Amino acid sequence: MILLGPPGAGKGTQAEVLSKHFDIPTISTGAMIRAEIRAESPLGLSAKKLIEEGQLVNDEVILGMLKERLKAPDCKNGFILDGVPRTIAQAEAIKGFADIDCAVSIDLADEVIVERLSGRRECAKCGATFHMIFNPSAKGEICDKCGAELTQRSDDMPETIRKRLDVYHKQTEPLIDFYTKEGLLKTIDGANDIGKITEDIIKAVEVTA
Ligand code: AP5
Ligand code: MG
């Protein structure tokens, strides 16, 4: 399954719940790149500036990472792609090495996105996502899943959020048409609460299966 949608639409939040529900892994290229940045690897160092500017990372780098990850045994019964593909070129290439059953587009207006992303907190250790108001950790600024400190992503600054939205509309939104033509698109209203969105996605996916 692919989770499509603008930055802050709730892809990561939903992926976490859906992974447990369907017992399949989530592959988030954003999370993979952030891990490379933390490890100060050559890939991480080359991607750092792009991420902080809200730009996309090069298609070849993303596709190389994804292709390798999909070879792991935990992907054999299925997987959730969170935030990938993000360009038509990536979507075309993925057709060559992965079977996609469904592309779920989580729809959300730009004004709501700014509010969602400015209150987001993320656990740097286990990757869990929270929101200070809408989905707080039971332990305040500490992750209630693993006990590590919560942090704010460096690309969640207002200027960068606007840039990411711009990049989304220009480079990623055309994928909605792409997957409509492929007969795989399901659109979900991302303005609902987290539990209702999960229910809607599960219903949409079960119709496809
Ligand atoms: P990535 O990590 O994928 O970021 P993104 O797409 O910008 O999306 P986000 O993670 O910001 O949002 P989300 O939809 O996951 O929302 P979340 O669930 O956290 O990519 C980062 C960067 O990496 C890119 O900019 C690019 O540079 C690079 N990159 C990654 N993949 C790439 C690719 N394929 N090609 C090229 N470059 C790539 O929710 C947001 C907040 O809202 C949270 O605080 C959450 O708690 C809250 N929330 C969620 N749902 C609800 C709800 N229903 N109601 C209220 N609050 C909610
Ligand atoms: Mg995310």
Side-chain angles (χ1 to χ4, degrees), residues 2-19 26-37 43-44 46-67 69 80-94 104-110 112-123 127-137 143-145 150-157 160-173 175 188-201:
I2 292 170
L3 289 182
L4 280 177
K11 302 181 296 295
T13 302
Q14 293 301 326
E16 206 178 310
V17 187
L18 294 167
S19 261
T26 290
I27 301 169
S28 157
T29 41
M32 289 166 91
I33 299 166
R34 284 188 290 280
E36 296 280 346
I37 293 176
L43 192 158
S46 67
K48 189 169 190 285
K49 192 162 174 280
L50 290 171
I51 288 219
E52 283 173 358
E53 285 173 354
Q55 307 275 6
L56 295 186
V57 174
N58 177 291
D59 286 340
E60 282 71 42
V61 170
I62 296 291
L63 290 166
M65 267 179 13
L66 180 62
K67 213 169 173 178
R69 178 65 185 87
I80 299 168
L81 299 186
D82 163 10
V84 61
R86 256 175 150 95
T87 62
I88 297 284
Q90 289 179 19
E92 291 283 10
I94 287 170
V104 175
S105 169
I106 306 178
D107 192 29
L108 195 64
D110 288 7
V112 188
I113 286 170
V114 179
E115 192 188 8
R116 292 248 186 119
L117 289 181
S118 33
R120 171 163 63 185
R121 294 294 178 274
E122 204 173 71
C123 176
T129 302
F130 300 91
H131 191 282
M132 308 248 292
I133 298 161
F134 307 128
N135 186 24
S137 162
C143 176
D144 59 18
K145 297 186 173 73
L150 300 182
T151 55
Q152 191 168 18
R153 267 171 51 176
S154 62
D155 57 349
D156 279 349
M157 302 302 143
T160 320
I161 296 172
R162 275 189 286 277
K163 178 68 198 165
R164 286 160 64 201
L165 280 171
D166 196 36
V167 167
Y168 170 78
H169 290 304
K170 288 200 178 104
Q171 301 195 55
T172 307
E173 211 167 20
L175 290 176
I188 302 289
D189 183 359
N192 289 320
D193 66 44
I194 295 173
K196 164 84 171 110
I197 297 172
T198 308
E199 274 172 32
D200 290 348
I201 296 177

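One is the number of the first residue; the rest follow in order along the sequence. Start at 1 and go down the list; that is how both ligands and their atoms are numbered. All values derive from a computational prediction rather than experimental measurement.
At least one donor-acceptor pair closer than 3.5 Å links the side chain of S19 to the backbone N or O of T26. The closest donor-acceptor contact from the side chain of T160 to the backbone of D156 lies at 3.5 Å or more, if one exists at all. The closest donor-acceptor contact from the side chain of K11 to the backbone of G5 lies under 3.5 Å. Under a 3.5 Å cut-off, the side chain of R164 and the backbone N or O of D155 do form a donor-acceptor pair.
For ligand 1, the atoms lying closer than 4.0 Å to a non-hydrogen atom of I197 are 53 (N). Residue G83 approaches ligand 1 through these ligand atoms, each under 4.0 Å from one of its heavy atoms: 31 (N), 32 (C), 33 (C), 34 (N).
Distance CD/E122 to CD/Q152: 10.5 Å, rounded to 0.5 Å.
Ligand 1 has an N or O atom lying under 3.5 Å from an N or O atom of G10, backbone or side chain. For a threshold of 3.5 Å applied to N or O pairs, the pair formed by T129 and ligand 1 contains no separation below that value. Checking only distances, P7 never comes within under 3.5 Å of ligand 1, N or O to N or O. Of the N or O atoms in R34, one or more lie within a sub-3.5 Å distance of an N or O in ligand 1. Ligand 1 has a nitrogen or oxygen under 3.5 angstrom from a nitrogen or oxygen of Q55.
Protein heavy atom closest to atom 15 (O) of ligand 1, with residue, atom name and distance, is G12 N, 2.8 Å. Nearest protein neighbour of atom 42 (O) of ligand 1, counting heavy atoms only, is R116 CD, 3.3 Å. Atom 37 (N) of ligand 1 has its closest protein heavy atom at V57 N, 3.0 Å. Scanning the protein for heavy atoms near atom 18 (O) of ligand 1, the closest one is T13 OG1, 2.5 Å. For atom 34 (N) of ligand 1, the nearest protein heavy atom (residue, atom name, distance) is Q90 OE1, 3.0 Å.
The closest heavy-atom contact to atom 31 (N) of ligand 1, among the options T29, V84, I62, comes from T29. With R153, M132, K163 as candidates, the residue nearest to atom 21 (C) of ligand 1 on a non-hydrogen basis is R153. Which of M65, K11, R86, Q152 comes nearest to atom 3 (O) of ligand 1 through a heavy atom is settled by distance: it is R86.
Using a 4.5 Å cut-off on side-chain heavy atoms (C-beta onward), R69 and M65 make no contact. Side-chain atoms of D110 and R162, non-hydrogen and from C-beta on, never get closer than 4.5 Å to each other. Considering only heavy atoms from C-beta on, I88 comes within 4.5 Å of L175 through its side chain. For the pair Q171 and R86, the minimum side-chain heavy-atom distance is 4.5 Å or more.
Using a 4.0 Å heavy-atom cutoff, E122 is absent from the residues neighbouring ligand 1. A heavy-atom separation below 4.0 Å is found between G8 and ligand 1.
Within a 6.0 Å radius of NZ in K145, more than 12 heavy atoms belonging to other residues, nucleotides or ligands are found.
Each of D200, N192, D193 was compared with K196 under the side-chain hydrogen bond (donor to acceptor under 3.5 Å, both in side chains) criterion, and only D200 meets it.
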